[in-house]
Amino acid sequence: SALLPIALVGEDILKQQAIAVQHFDAALTELAQQMSASMAAAQGVGIAAPQVHSPLALFIMASRPNERYPDAPNMAPVVVVNPHIIHVSSDLVSGEEGCLSVPGQRFIIQRHKTIEVRYQNLQGEWQQAELTDFIARIFQHEFDHLQGITLLERSR
Ligand SMILES: O=C(CSC(=O)[C@H](Cc1ccccc1)CC(F)(F)F)c1ccccc1
Ligand SMILES: [Zn+2]
């Protein structure tokens with residue numbers, strides 16, 4: 001798939017509330033494939049639709065061990081559509097985050113250690129999961145993007 005240009009912080013698309021996905025069609029699947037290719041090309045572990053100039057409530061999260069999170073699980077990319085965070089742990093954890101829309105910068109961000117989430121897959125089927133540690137961090141980071149929130153707002 002073609003690589004999509006990544007929006008940089010300051011662009012309006014990154015400040016908007018995303019729009020719920022209603023049509024689980026071939027166009028959605030194509031967008032997800034292009035996002036996945038763009039994330040991989042940028043060596044990211046997540047990417048949200050607004051970052052590729054799409055206003056839809058959709059992101060991709062993956063995970064792999066890296067220098068900051070050496071014990072992170074290897075997780076194949078998961079497509080997350082119309083996500084909700086149902087429950088958050090009171091435990092907060094500080095950790096380093098980057099963002100493809102804020103290139104070359106790292107921020108120390110506090111996130112909930114564990115979260116309960118519901119979302120739809122590319123077929124529109126509802127999934128429910130409990131996420132913890134690095135995966136929960138990525139989910140919260142991408143979920144922020146769908147609310148128009150970037151690391152710059154979180155790291156004040
Ligand atoms: O690959 C990155 C680059 S930043 C990245 O992958 C963002 C996802 C992310 C990385 C680290 C913590 C939380 C979210 C992707 C974004 F910007 F589209 F959301 C990375 C950064 C820190 C730790 C491990 C990996
Ligand atoms: Zn980001």
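Numbering of ligands and ligand atoms starts at 1, following listing order. Excluded from the calculations below are hydrogen atoms, water molecules and symmetry mates; all remaining heavy atoms, backbone and side chain alike, are included. Numbering starts at 1 and runs along the sequence shown. As the structure is a computational prediction, the values presented were derived from the model and not from experiment.
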Please identify which atoms of ligand 1 are closer than 4.0 Å to at least one heavy atom of Cys99.
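Selected atoms, number and element: 4 (S), 17 (F).
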For ligand 1, which atoms, with element, lie under 4.0 Å from some heavy atom of Ile47?
18 (F)
If two hydrophobic side chains count as joined below 4.5 Å and joins carry through other members, does Ile115 share a cluster with Tyr69?
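Looking at the clustering, Tyr69 is in the same group as Ile115.
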Report the nearest protein non-hydrogen atom to [atom]: residue, atom name, distance rounded to 0.1 Å.
| atom | answer |
| --- | --- |
| atom 23 (C) of ligand 1 | Asn66 OD1, 3.7 Å |
| atom 10 (C) of ligand 1 | Val45 CG2, 3.5 Å |
| atom 7 (C) of ligand 1 | Gly98 O, 3.6 Å |
| atom 15 (C) of ligand 1 | Gly46 O, 3.0 Å |
| atom 12 (C) of ligand 1 | Glu97 CG, 3.6 Å |

Side-chain donor-acceptor contacts of residues 21-28 below 3.5 Å, not counting sequence neighbours, with atom names and distances?
| residue | atom | partner | partner atom | Å |
| --- | --- | --- | --- | --- |
| Asp25 | OD1 | Ala27 | N | 3.2 |
| Asp25 | OD1 | Leu28 | N | 2.9 |

Any side-chain heavy atom of Tyr119 sitting closer than 4.5 Å to one from Val81?
no
Heavy-atom distance to [atom]: which of [options] wins?
| atom | options | result |
| --- | --- | --- |
| atom 14 (C) of ligand 1 | Arg64, His141, Arg137 | His141 |
| atom 21 (C) of ligand 1 | Arg106, Gln140, His145 | Arg106 |
| atom 1 (O) of ligand 1 | Gln43, Gln51, Glu142 | Gln43 |

Indicate yes or no: does Glu97 engage Arg137 in a salt bridge with an N to O separation below 4.0 Å.
yes
Could you tell me if [Y] and [X] have a donor-acceptor pair between their side chains, going purely by distance under 3.5 Å?
| X | Y | value |
| --- | --- | --- |
| His53 | Glu11 | yes |
| Gln120 | Glu125 | no |
| Glu153 | Thr150 | yes |

May I ask you to list the protein N, O or S atoms found at less than 2.8 Å from the Zn ion (ligand 2)?
Cys99 SG, His141 NE2, His145 NE2
Please check: side-chain N/O of [X] versus main-chain N/O of [Y], any donor-acceptor pairing under 3.5 Å?
| X | Y | answer |
| --- | --- | --- |
| Asp12 | Gly10 | no |
| Ser101 | Val9 | no |
| Ser155 | Phe107 | no |

Ligand 1-proximal atoms of Met39, by part, heavy-atom distance under 4.0 Å
neither
Mode of Leu100 contact toward ligand 1 - side chain, backbone, both, neither (heavy atoms, under 4.0 Å)
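Leu100 to ligand 1: contacts from backbone and side chain alike.
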Among Asp144, Ile138, Asp133, Val88, which one satisfies side chain to side chain contact (heavy atoms under 4.5 Å, CB included) with Arg111?
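Of Asp144, Ile138, Asp133, Val88, side chain to side chain contact (heavy atoms under 4.5 Å, CB included) with Arg111 is met by Asp144 alone.
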Can you list the steps and then say if Ser89 with Thr114 is a side chain to side chain donor-acceptor pair (under 3.5 Å)?
CA-CA 5 Å; Ser89 65; Thr114 302; 4.6 Å; no
